[in-house]
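What follows is a single structure, written as structure tokens, with notes after it.
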Number of protein chains: 2
Amino acid sequence: MSTIRDVAKRAQVSVATVSRVINNSGYVQSETRERVLKAMQDLNYKPNAIAQSLNHKKTRNIALVVPDITNPFFPELARAVEDVARIYGYTVILCNSDEDLKKEQGYMDIIQQKYIDGLILVSHTLKLNHLIDEVPVVLLDRLVDQNIPTVTAKNYEGAILATRHLLDIGCRKIGHICGPKYIPTAQRRLQGYLHVVEQMEWFSDSLIVEGNFQLELAKEATLHLLAEHADIDGIFAGNDLMAVGALKAIHQTGRKVPQDIALIGFDGIFLSKAMEPELSTVAQPIYDMGAIATRLLLKKIEDQPIDSAYHELDVTLLQRASTRR
Amino acid sequence: MSTIRDVAKRAQVSVATVSRVINNSGYVQSETRERVLKAMQDLNYKPNAIAQSLNHKKTRNIALVVPDITNPFFPELARAVEDVARIYGYTVILCNSDEDLKKEQGYMDIIQQKYIDGLILVSHTLKLNHLIDEVPVVLLDRLVDQNIPTVTAKNYEGAILATRHLLDIGCRKIGHICGPKYIPTAQRRLQGYLHVVEQMEWFSDSLIVEGNFQLELAKEATLHLLAEHADIDGIFAGNDLMAVGALKAIHQTGRKVPQDIALIGFDGIFLSKAMEPELSTVAQPIYDMGAIATRLLLKKIEDQPIDSAYHELDVTLLQRASTRR
DNA sequence: TTGTAGGCGTTATCAG
DNA sequence: CTGATAACGCCTACAA
């Protein structure tokens with residue numbers, strides 16, 4: 001790797017001049033510029049980003065902190081983040097936090113030491129005071145604080161949509177598999193469900209069972225639910241993964257979707273469409289969420305004005321086979 | 001952020017001494033060491049990784065280049081890579097290449113400029129000469145070259161396993177949905193299939209249809225296949241995603257899995273287990289592949305001896321509902 | 001055992 | 001318009 005000094009020598013100018021043509025800053029006679037450009041070409045010179053970073057205290061690296069990239073919700077998000085970042089000349093560092101405070105703290109240290117320019121954070125674990133003041137942050141999906149730019153979807157409204165939809169297609173008794181109560185997103189969806197059904201005469205608390213946003217536990221929970229309420233004819237799962245779990249449980253008890261039980265999830269991940277029958281769901285604009293969050297972050301990093309710090313994106317009801325009858 | 005100089009001042013020593021206690025190099029009187037340690041604590045000092053990198057020409061950053069993190073095969077891989085990397089104090093940069101040479105080249109430039117220490121590459125696009133000589137590489141899943149450490153699974157043997165399995169459970173006419181012919185991995189699996197069935201009297205070339213490792217096209221291909229060969233009773237799909245596509249096609253023609261047609265995929269991604277019926281598959285040890293590749297890479301980076309440059313991992317036949325009858 | 005000084009590759013300031 | 005030179009923060013000879 002040749003350095004700016006090599007280029008300077010070859011072009012018979014000082015490093016300062018080379019630096020000027022690299023950054024298009026200051027005055028350089030067009031003749032000299034040509035010579036420098038030629039030298040750069042000849043040597044296949046590329047400026048050393050590390051050295052630049054040391055000066056500017058900026059690396060054009062951002063971190064994406066998700067609980068677990070293996071959870072099918074996050075790859076699409078990551079894709080969006082990386083796409084937008086790349087366009088603006090940024091690079092994305094992937095961090096799996098496992099919702100583990102220790103790990104998250106570890107990442108924060110690294111972010112500080114490696115001069116990461118900012119981060120997109122999906123977490124409800126990390127408390128505000130663990131964030132580094134100087135490092136820009138955008139919160140995604142799981143709200144943590146009001147003073148930080150945040151991107152979410154309309155979880156409450158989406159849950160209402162889902163539940164009403166089940167009523168619309170004729171369900172008379174609807175259960176809900178909610179996510180962990182300590183996750184705000186899960187709470188919102190639960191509240192949306194409650195908003196619609198709480199006053200119904202058939203409603204009872206035992207129609208709500210708790211999962212952990214994963215398949216397995218949701219399957220168990222659904223089994224319990226069905227055992228207790230044999231006459232359930234509709235289920236709203238707090239996310240698509242749990243909807244799949246519910247589907248398995250339903251099949252296991254010999255019932256059919258949608259004939260015996262209509263089923264709808266939340267998120268709109270690829271999986272919901274891959275299933276047979278295809279699962280109805282309330283789709284979040286996952287890619288957009290990632291893209292918007294990234295643009296927001298880059299603006300903060302580059303000290304550009306931010307239009308709005310709170311983005312709550314619309315969701316879309318997707319009716320598919322699992323609620324079609 | 002305090003610097004090494006601040007610490008030195010506070011501890012009343014030179015920066016050299018501080019550096020020594022940081023890196024545990026050279027002699028430092030235990031008293032002075034204590035003083036320095038205390039000063040570091042007081043100031044909450046963290047060495048600046050960028051400055052260190054500028055010296056060492058090492059960043060403890062590695063890149064993971066995959067076609068598309070959105071493809072369910074890769075998140076698990078990425079997870080493994082990140083897990084191992086983190087343990088060894090490395091950080092992972094995520095790159096989606098889309099199998100696009102231009103993009104890959106762009107990443108190579110960045111890798112060079114940002115002093116990325118090495119990369120794990122999943123690609124059949126990039127030619128060897130595009131790699132940067134000084135940057136260690138490990139190839140994963142899709143073989144590119146013999147001189148570079150490589151991690152794959154036994155694709156050929158796995159395909160034989162899958163095909164034999166279909167015969168074992170009584171299939172009399174087996175079709176294959178292969179991946180793109182220009183991808184070595186897809187070829188191997190096709191060859192494995194051929195090895196088993198080529199000599200059978202019922203075999204014909206038209207039992208092989210080509211997909212692109214994605215769901216949609218595989219569904220179309222399967223529809224064609226079924227139209228041409230109404231008597232097919234077993235299908236081996238080149239990967240799980242295509243198996244899902246096949247499942248949809250099969251259902252669409254009113255047939256049932258496994259009663260009318262037994263179906264098996266390849267990869268062992270989460271999706272195969274999520275489906276109903278659960279899909280049989282030849283599982284690759286995806287996580288292990290990522291972990292091994294990463295350890296291999298880190299060894300190369302740190303100039304440690306490598307036991308073996310070519311790792312071909314065993315696959316496992318997982319019989320599930322889609323081939324149980 | 002500790003300190004001084006030069007270098008890693010760039011950029012920015014200040015002269016000329 | 002161009003060139004020296006001092007940062008950026010750290011490490012490592014070489015001296016002391």
Side-chain angles (χ1 to χ4, degrees), chain A residues 1-40 43-61 89 109-117 134, chain B residues 1-40 43-61 89 109-117 134:
Chain A
M1 280 295 289
S2 47
T3 76
I4 197 173
R5 245 175 284 272
D6 301 328
V7 176
K9 201 169 294 173
R10 191 171 233 273
Q12 316 225 51
V13 296
S14 72
V15 294
T17 304
V18 178
S19 178
R20 286 193 194 96
V21 345
I22 292 172
N23 303 295
N24 258 300
S25 63
Y27 298 84
V28 181
Q29 204 158 12
S30 66
E31 258 183 68
T32 356
R33 151 168 284 115
E34 290 310 319
R35 250 193 354 237
V36 171
L37 253 21
K38 174 108 183 9
M40 287 173 49
L43 297 173
N44 184 26
Y45 167 79
K46 301 253 171 46
N48 179 321
I50 299 294
Q52 293 179 319
S53 295
L54 190 57
N55 269 300
H56 297 135
K57 297 176 184 295
K58 298 265 163 168
T59 53
R60 294 202 154 241
N61 288 158
D109 287 347
I110 287 170
I111 284 170
Q112 199 167 175
Q113 295 191 39
K114 290 198 174 174
Y115 276 172
I116 307 294
D117 294 343
E134 308 93 52
Chain B
M1 280 295 287
S2 47
T3 76
I4 197 173
R5 246 175 283 272
D6 301 328
V7 177
K9 201 170 294 173
R10 191 171 233 272
Q12 315 224 51
V13 296
S14 73
V15 293
T17 305
V18 178
S19 177
R20 287 192 193 96
V21 346
I22 293 172
N23 302 296
N24 257 300
S25 63
Y27 297 85
V28 181
Q29 204 156 14
S30 65
E31 257 183 67
T32 6
R33 150 167 286 116
E34 290 310 318
R35 247 191 359 231
V36 171
L37 253 20
K38 173 110 184 5
M40 285 172 50
L43 297 174
N44 184 26
Y45 168 79
K46 301 254 173 44
N48 179 320
I50 299 295
Q52 293 178 319
S53 296
L54 192 55
N55 270 300
H56 298 134
K57 297 177 184 296
K58 297 265 166 174
T59 53
R60 295 204 152 239
N61 288 159
D109 287 346
I110 287 170
I111 284 170
Q112 199 168 178
Q113 296 191 38
K114 290 198 174 174
Y115 276 172
I116 308 294
D117 294 344
E134 307 94 53

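These numbers come from the heavy atoms of this one structure, side chains and all, not from hydrogens, waters or symmetry mates. Predicted model only: the values in this text are computed from it and were never measured. Chain naming here is simple, since letters A, B, ... match the order of the sequence lines and numbering starts at 1 in each.
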Next on the checklist: Determine whether B/Gln52 and B/Asn55 satisfy the following criterion, side-chain contact (heavy atoms from CB on, under 4.5 Å), listing intermediate values before the conclusion.
Outcome noted: CA-CA 5 Å; B/Gln52 293 178 319; B/Asn55 270 300; 5.8 Å; no
Item to check | Euclidean distance, atom CE of residue A/Met40 to atom C1' of C/dT10 [Å, nearest integer] | outcome: 13 Å
In a table with atom names and distances, give each donor-acceptor pair under 3.5 Å that connects a side chain of residues 2-15 of chain A to protein atoms at least two apart or in another chain.
residue: A/Ser2; atom: OG; partner: A/Leu43; partner atom: O; Å: 3.2
residue: A/Thr3; atom: OG1; partner: A/Arg5; partner atom: N; Å: 3.0
residue: A/Thr3; atom: OG1; partner: A/Asp6; partner atom: N; Å: 3.4
residue: A/Asp6; atom: OD2; partner: A/Thr3; partner atom: N; Å: 2.8
residue: A/Arg10; atom: NH1; partner: A/Asp42; partner atom: OD2; Å: 2.6
residue: A/Ser14; atom: OG; partner: A/Ala16; partner atom: N; Å: 3.3
residue: A/Ser14; atom: OG; partner: A/Thr17; partner atom: N; Å: 3.4
residue: A/Ser14; atom: OG; partner: A/Thr17; partner atom: OG1; Å: 3.4

Next on the checklist: Just the rounded figure in Å: distance from P of C/dG7 to CZ of A/Arg5.
Outcome noted: 9 Å
Checklist entry - Under 4.0 angstrom, heavy atoms only, what part of the nucleic acid is A/Lys58 near: base, sugar-phosphate, or nothing? => result nothing
Checklist entry - Under a 4.5 Å cut-off applied to non-hydrogen side-chain atoms, are A/Lys58 and B/Ile50 in contact? => result no
Checklist entry - Heavy atoms, side chains only, cut-off 4.5 Å: are A/Thr59 and B/Lys114 in contact? => result no
Checklist entry - Does a side-chain N or O from A/Lys57 land closer than 4.0 Å to OP1 or OP2 of D/dG9, or not? => result yes
Next on the checklist: Using OP1 and OP2 only, check whether a side-chain N or O of A/Asn23 sits under 4.0 Å from C/dT10.
Outcome noted: no
Item to check | Those residues that, when tested against B/Tyr45, pass side chain to side chain donor-acceptor pair (under 3.5 Å) (two or more places apart) | outcome: none
Next on the checklist: So, taking the atom named CG in A/Asp117 and the one named OG in A/Ser53, what distance separates them when rounded to the nearest 0.5 Å?
Outcome noted: 7.5 Å
Next on the checklist: Tell me whether A/Lys46 at atom NZ has more than 12 heavy atoms from other residues, nucleotides or ligands lying less than 6.0 Å away.
Outcome noted: yes
Nucleotides 1-4 of chain C: which of its N/O atoms have a protein N/O under 3.5 Å away?
residue: C/dT1; atom: O3'; partner: B/Gln29; partner atom: OE1; Å: 3.4
residue: C/dT2; atom: OP1; partner: B/Gln29; partner atom: OE1; Å: 3.4
residue: C/dT2; atom: OP1; partner: B/Thr32; partner atom: OG1; Å: 2.6
residue: C/dT2; atom: OP2; partner: B/Gln29; partner atom: N; Å: 2.6
residue: C/dT2; atom: OP2; partner: B/Thr32; partner atom: OG1; Å: 3.2
residue: C/dG3; atom: OP2; partner: B/Ser14; partner atom: N; Å: 2.9
residue: C/dG3; atom: OP2; partner: B/Ser14; partner atom: OG; Å: 3.2
residue: C/dG3; atom: OP2; partner: B/Thr17; partner atom: OG1; Å: 2.7
residue: C/dG3; atom: N7; partner: B/Arg20; partner atom: NH2; Å: 3.2
residue: C/dG3; atom: O6; partner: B/Arg20; partner atom: NH2; Å: 2.4

Checklist entry - Over how many whole Å does the gap from A/Tyr115 atom OH to D/dC10 atom C1' extend? => result 11 Å
Item to check | Rounded distance [0.5 Å steps], CD1 in A/Ile110 versus CZ in B/Arg60 | outcome: 10.5 Å
Item to check | Nearest-angstrom distance from the residue atom NZ of A/Lys9 to P of D/dG3 | outcome: 15 Å
Item to check | Whole-Å gap separating P (D/dC11) and CG (B/Asn24) | outcome: 12 Å
Checklist entry - Between CD1 of B/Ile111 and CD of B/Gln113, what distance do you get to the nearest 0.5 Å? => result 11.0 Å
Checklist entry - Got a sec, which residues hit salt bridge (charged side-chain N to carboxylate O under 4.0 Å, His left out) with A/Arg35, two or more places apart in sequence or on another chain? => result none
Checklist entry - How close or far is atom C1' of C/dG9 from atom NE2 of A/His56, stated in whole angstroms? => result 12 Å
Next on the checklist: By the 4.0 Å heavy-atom rule, please label A/Thr3 as base, sugar-phosphate, or nothing.
Outcome noted: sugar-phosphate
Next on the checklist: Between A/Val36 and A/Arg20, does the side-chain contact (heavy atoms from CB on, under 4.5 Å) criterion hold? Intermediate values first, please.
Outcome noted: CA-CA 10 Å; A/Val36 171; A/Arg20 286 193 194 96; over 6 Å; no
Next on the checklist: Tell me whether B/Glu134 at atom CD has more than 12 heavy atoms from other residues, nucleotides or ligands lying less than 6.0 Å away.
Outcome noted: yes
Checklist entry - At how many degrees, to 10°, do the end axes of the helix from C/dT1-D/dA16 to C/dG16-D/dC1 meet when each uses five pairs? => result 50°
Checklist outcome for this item: Ordered by number, residues from residues 47-55 of chain A within less than 4.0 Å of DNA chain D (heavy atoms) are A/Leu54, A/Asn55
Item to check | Length of the line joining A/Gln113:CD and D/dC8:P, which is rounded to integer Å | outcome: 19 Å
Checklist outcome for this item: In whole angstroms, the gap separating P of C/dA5 from CD1 of B/Ile4 amounts to 16 Å
